[in-house]
2 protein chains.
Amino acid sequence: MFVTIVFVPARSSHPVSRRDRPAKPPLTREGITAVAVGLLRAEGLDRVTMRRLARELDTGPASLYVYFDNMAELHGAVLDRLLARVDLRPGALAGGWRARLIELLAAYTELLYAHPSLARSVLTLRPSGPNYMRLADTVLVLLRTGGVPAGQAAWGMNLLLHVATATAAEHGTRRESASAGVAEEEPWREVSAGEYPGIAWASGELFTGGVQRLRWAFDVLIAGIAVTGITPRPPP
Amino acid sequence: MFVTIVFVPARSSHPVSRRDRPAKPPLTREGITAVAVGLLRAEGLDRVTMRRLARELDTGPASLYVYFDNMAELHGAVLDRLLARVDLRPGALAGGWRARLIELLAAYTELLYAHPSLARSVLTLRPSGPNYMRLADTVLVLLRTGGVPAGQAAWGMNLLLHVATATAAEHGTRRESASAGVAEEEPWREVSAGEYPGIAWASGELFTGGVQRLRWAFDVLIAGIAVTGITPRPPP
DNA sequence: ACCTGAACACCGTTCAAGT
DNA sequence: ACCTGAACACCGTTCAAGT
């Protein structure tokens, strides 16, 4: 469904036939992002490099810098395109404000779980695409519905999305480097109560929880956000 | 203060004099980590590459793989060496358990703030060096002192350190790409209440807080952890 | 056993020179 | 204006061949 635009050299008096070149879609921000998302789904973010993406688009890497200042910006566009598939409006969710909020955050986290390296990139991004802003807005609306004051809601929204992103970055990577899992737990399981009393005390629950742990984290955050006032700014 | 060990070829009957080669410390896990920390402090983690580090040690990159399986492991060793400078014992802190816990977490975060790219690396690492385990242990001991049940403390410790690490990774990077700061806020400040009612409602506090925000986040987490029970595991 | 040169298979970004 | 080849200055990791 691409419009093919073929460059016609000035010295030629008739258009180049379609046969002479394979159809090549014109470069646009959206087109590049779409191809990047395809590459992400097919091979993971590690392969969504400027060079590889350029090859996929049948051009040189320099061409992409016409549309994106750098790779971080490209990743931001990729995130927003992925978010377009999630219905982020408060009305799309069921239950009370708290249940809907957790549902929403879980949907966002699930999206990033599938692409942990994107989550790692997003963590340092301050996304500002329309779909991310819809997500942030919905979180804020739900917190307001729950009677949370604006200041706590503002800081809390950032904290909630931050934890969601960071958890996806952390968890997902672990899954990527799969086999090491048990070996990583070992130094924590073998400690003596004399040397590490706290670890020995808590060791039974140190590696439990799995996915439920994330929902617990959201519960913790929402409970804390609702009751913890932000530091009042100094009066003017 | 390095011991110089010079390889003596079998065909030579007398030792090679020190003059023939510049003093070159022997490679050890600790020695490599020490040089890596020096490089980190001098030029940032971006320059602590296997190749650069090898050049600094006057050898080839392949030599480092005798001591570290990969770069992530090297970063883990670097983190633990940095943590050695912080006194992580519960007795080293003043005040009630809550104040001491926040103090401890702030010290850890401060350490990582100075090296945001290290924080980004640590986020996907599950560190297990002795100093990190001391930190984790102290967090657990303080939570126990506060009467938090073991399960909540175990999950809570992870969540607290996770937020600290992620915040350092996020914040630090922002500071690195300094000038973009104001431009990033723009799309959030200009929203209409019609399109993004939540953002418009909370916009006054969206970018406030600075460093106090992190302490607020720890307050939120501790408050939430103390009152939120973990999901009971299914009975056997 | 410990160490390493060279190779493999790549990177992001810039810039001068296209059309 | 839009696009790009080539160059700049690098990467992590592996492996065969040292000593």
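Only a predicted model underlies this, so the values are computations on that prediction, with no experimental measurement involved. Order of the sequence lines fixes the chain letters, A, B, ..., with proteins taken first and strands second; residue numbering starts at 1 for each chain.
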Practice problem: Answer yes or no: is there a donor N or O on one side and an acceptor on the other, between the side chain of D80(B) and the main chain of Y132(B), under 3.5 Å? | Solution: yes
Quiz item: Quick one: on DNA chain D, does Y65(B) or V66(A) contact a more 5' nucleotide (nearest heavy atom)?
Solution: V66(A)
Quiz item: Base, sugar-phosphate alone, or nothing: which one does S63(B) contact when heavy atoms must sit under 4.0 Å apart?
Solution: base
Self-check item: Short N-O contact, R29(B) and E73(B), less than 4.0 angstrom
Solution: yes
Self-check item: Spacing of the C1' atoms in dC8(D) and dC11(C) (rounded, Å)
Solution: 12 Å
Quiz item: At under 4.0 Å, does any side-chain N or O of T49(B) touch on OP1 or OP2 of dC11(D)?
Solution: yes
Practice problem: Could you work out the separation of dC3(C) and dA16(D) based on their C1' atoms and round it to a whole Å? | Solution: 13 Å
Quiz item: With no hydrogens and no angle check, is any side-chain donor or acceptor of S63(B) less than 3.5 Å from a backbone partner on T59(B)?
Solution: no
Quiz item: Expressed in whole Å, how much space separates the P atoms belonging to dC10(C) and dA6(C)?
Solution: 22 Å
Quiz prompt | Electrostatic pair E170(A):R120(A) at N-O distance under 4.0 angstrom | solution = no
Quiz item: Between dA17(D) and dT13(D), how far is it from one P atom to the other, in whole Å?
Solution: 23 Å
Practice problem: Measure from the side-chain N and O atoms of W155(B) to the backbone N and O of L206(A), and report whether any donor-acceptor pair falls under 3.5 Å. | Solution: no
Quiz item: Which string of ( ) [ ] | and . matches DNA chain D, if you list each base 5' to 3' and count Watson-Crick or G-U pairs only when both distances are under 3.5 Å?
Solution: ||.|||||...|||||.||
Quiz item: Of the nucleotides dC3(C), dT13(D), dC2(D), which has the atom closest to the L27(B) side chain?
Solution: dC3(C)
Quiz item: Among V139(A), V141(A), L135(A), whose side-chain contact (heavy atoms from CB on, under 4.5 Å) with D137(A) holds?
Solution: V141(A)
